[in-house]
Engineer: 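Have a look at the structure that comes next, please.
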Amino acid sequence: MRSAHTVEQVRAAEADLMARVPEGTLMQRAATGLAVAISNFLGGTYGARVVLLIGSGDNGGDALYAGARLARRGAQVTAVLLSDKAHRAGAEALRTAGGRLVTSTPLTGPSADPSATADPSATTAPTAVADLIRSADVVVDGIVGIGGRPGLRPKALAVVQLAERFGVPIVAVDTPSGVDVDTGETPEPHVNAALTITFGTHKICHFIDPAATACGPVHLIDIGLDLPPAEVESLQTSDIARLYPVPHGESDKYSRGVLGLMVGSTQYPGAAVIATSGALGGPVGMVRYVGPDAVAEAVRAAHPEIVAGEGRVQAWAIGSGLGDELDIPRIRELLDAEEPVVLDADGLKALDDSGDHFDVLATPHAGELARLLDVDRATVEAERLKHARLAAERYDVTVLLKGSTTVIASPDGQVRVNTNATPWLATAGAGDVLAGLCGSLLAAGLTPLDAGSVGAYLHAAAANLASSSGPITAMSVAAALPEATRYLLGG
Ligand SMILES: NC(=O)C1=CN([C@@H]2O[C@H](COP(=O)(O)OP(=O)(O)OC[C@H]3O[C@@H](n4cnc5c(N)ncnc54)[C@H](OP(=O)(O)O)[C@@H]3O)[C@@H](O)[C@H]2O)[C@@H](O)CC1
Ligand SMILES: [K+]
């Protein structure tokens, strides 16, 4: 499991560890890892042109010390000081290692050391900074980390825009400056990194879009923090193997779980076929299809193993493509019954905030969640964590908010995020596959949180397998589920 902690949790763990190790140890650990990661990113250090963007805090300190290490290994390192304060000892270390410091304002304030001031002969006219950035192999964003507020101040914004204009990759220190670290929101301009190097633990912005996209790949450096349980988690391969309900010697089709599918309609028969494919690609022992005869025939033609008609089930998947056949009172009955339910697409219209629905997994996309919360879609997309949590709380259901990073929030406050989806998954019917698969996992006995997070992971893994960076269809994703599962289970 990868964990993302809040800034407050990180600061508390840092204070605890700092009290037990010599001063500066944590920053040296961070800077050492950062220097190695930048060197790997560049494919070598000697002769590389590195520009550091330095803000007023320890984030800049990390960058300066890493820059000093790179300079000692032959890189040409220049630090652009964007604040009138900069980490004094870090600046001194860079200068001693042969790096250059440039600034448009002299260093002042209590942390300023005249010996660390920029070389007075260094020219910092805007064109010179532009030339510096244009010829850089990498720009290192040490503007602001976990101490930052959203947005970039004018000087930082101007330099970051230069890097973007010249196509120079930015490696972010800890977090891309300007994003909201604890929410993953990006209400203001921010750095878009090619790579983010973080320390101690992931932060929420590394997992949740839109900030997660601004991070690029995230590389975690262990600095020895002792952390409490995380607010937000993300499953890894080993978690899938641990959570997946693998049948055992005594299993039969009933004990493996029977899923009831109430999906599709004469208007949208394809949704039923596709959701069934997703369900059969999961662990369930049997699928019952409940719907119009003509649709049941279509499902049976594609999947002869299904049983049509009502009967005992361990869970329901309801909603995809119900169209005109949406029967809200019947769905409400099923929501109030004992069996857990995946509620998707049209079925979400049956959700009300009066009942106790802790065993329901609702799987809206941003537009559907917006309707459930009476806000607009753009607001949900900008504040994904907040709105997934809000809906989980209001409707007392586990909410799986689909998107480039899928957020799964349970009513007890736990959150899981799936970050391995391919953009090719944005294709018609992909949601139907996910609903069927999650239903299959629920019927096999997983909790809504586990079913949602394992389902999202497997769905994305199958899509990656089917896609290999090319177009996919919902049916090809469903078809890839068994192989993706076998691979993830270590088979
Ligand atoms: N915690 C750990 O375990 C470890 C932490 N480490 C490192 O320390 C980093 C945290 O350092 P930090 O606490 O000094 O804060 P940091 O992010 O540098 O910001 C400093 C100041 O910036 C300012 N500012 C605010 N918003 C701004 C904006 N948008 N744009 C520009 N400036 C803005 C604001 O000051 P102001 O200018 O408002 O007075 C704020 O106080 C952390 O991310 C990691 O890299 C590692 O070394 C080792 C272990
Ligand atoms: K940063």
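Numbers for residues simply follow the sequence, beginning at 1. A quick note: this is a predicted structure, and the numbers were derived from the prediction, not measured.
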Engineer: Hey, which of Asp182, Asp174, Thr175, Thr6 is the one that makes side-chain hydrogen bond (donor to acceptor under 3.5 Å, both in side chains) with Lys203?
Structural biologist: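 It is Asp174, the one option of Asp182, Asp174, Thr175, Thr6 that forms the side-chain hydrogen bond (donor to acceptor under 3.5 Å, both in side chains) with Lys203.
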Engineer: So, Thr45 versus Arg73: side-chain donor-acceptor pair below 3.5 Å or not?
Structural biologist: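 Distance-only check fails for Thr45 and Arg73.
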Engineer: Are the side chains of Phe207 and Thr405 in touch, meaning some heavy atoms are under 4.5 Å apart?
Structural biologist: no
Engineer: So Arg149 and Glu188, side-chain contact (heavy atoms from CB on, under 4.5 Å) or not? Walk me through it.
Structural biologist: CA-CA 10 Å; Arg149 287 180 292 280; Glu188 307 272 345; over 6 Å; no
Engineer: If the threshold is 4.0 Å, N to carboxylate O, is there a salt bridge linking Arg95 and Glu92?
Structural biologist: yes
Engineer: Answer yes when Arg389 and Glu393 have at least one side-chain N-carboxylate O distance shorter than 4.0 Å, and no when they do not.
Structural biologist: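 Salt bridge: no.
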Engineer: Quick one: do the Thr201 and Ser3 side chains pair a donor with an acceptor below 3.5 Å?
Structural biologist: no
Engineer: Looking at Asp412, I want to see if its CG is surrounded by more than 12 non-hydrogen atoms of other residues, nucleotides or ligands under 6.0 Å.
Structural biologist: yes
Engineer: Decide, yes or no, whether a salt bridge links Asp344 with Lys402 under the criterion of side-chain N to carboxylate O below 4.0 Å.
Structural biologist: yes
Engineer: Please check if atom CD in Glu8 has more than 12 non-hydrogen atoms from other residues, nucleotides or ligands closer than 6.0 Å.
Structural biologist: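 Atom CD in Glu8 is not crowded, with 12 or fewer foreign heavy atoms closer than 6.0 Å.
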Engineer: Does this structure show an ion pair linking Asp222 with Arg29, if we count only N-O contacts that are shorter than 4.0 Å?
Structural biologist: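 No, Asp222 and Arg29 are not salt-bridged.
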Engineer: Walk me through it: do Ile143 and Val159 pass the test side-chain contact (heavy atoms from CB on, under 4.5 Å)?
Structural biologist: CA-CA 11 Å; Ile143 304 167; Val159 189; over 6 Å; no
Engineer: Return the orientation label for the His87 and Tyr65 ring planes: parallel under 30°, perpendicular over 60°, tilted otherwise.
Structural biologist: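 It falls in the perpendicular class, over 60°.
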Engineer: Taking atom OH as the centre, does Tyr46 end up with more than 12 heavy-atom neighbours from other residues, nucleotides or ligands that are less than 6.0 angstrom away?
Structural biologist: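 Incorrect, the count does not exceed 12.
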